[in-house]
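Just below is one structure, and these are the notes that go with it.
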Amino acid sequence: MAFTEAQQPTKRRGRAKDVTKREVEAARDRLRDAAAAGDVQACAALIALAENKYSPIHTA
């Protein structure tokens, strides 16, 4: 689940190191879209987020 060139997160400098609400919503939307398309890792990530558990996704 790699980022495309248009979806690259912005580099933060200085005080603005935290992610904004809009970025979190966009990331969850991308996860939902990937899960709807049948990506098993995206489904697992959504389940982990729903259960409020941290589950790193390993890509090989």
Original post:
Can you name the residues that form a salt bridge (charged side-chain N to carboxylate O under 4.0 Å, His left out) with R32, not counting sequence neighbours?
Top reply: D29
**OP:** Determine the minimum heavy-atom distance between A42 and A35, stating which atoms define it.
**Re:** CB-N, 3.7 Å
**OP:** First locate atom CG of D39, then atom CG of L31, and finally report the distance between them rounded to the nearest 0.5 Å.
**Re:** 8.5 Å
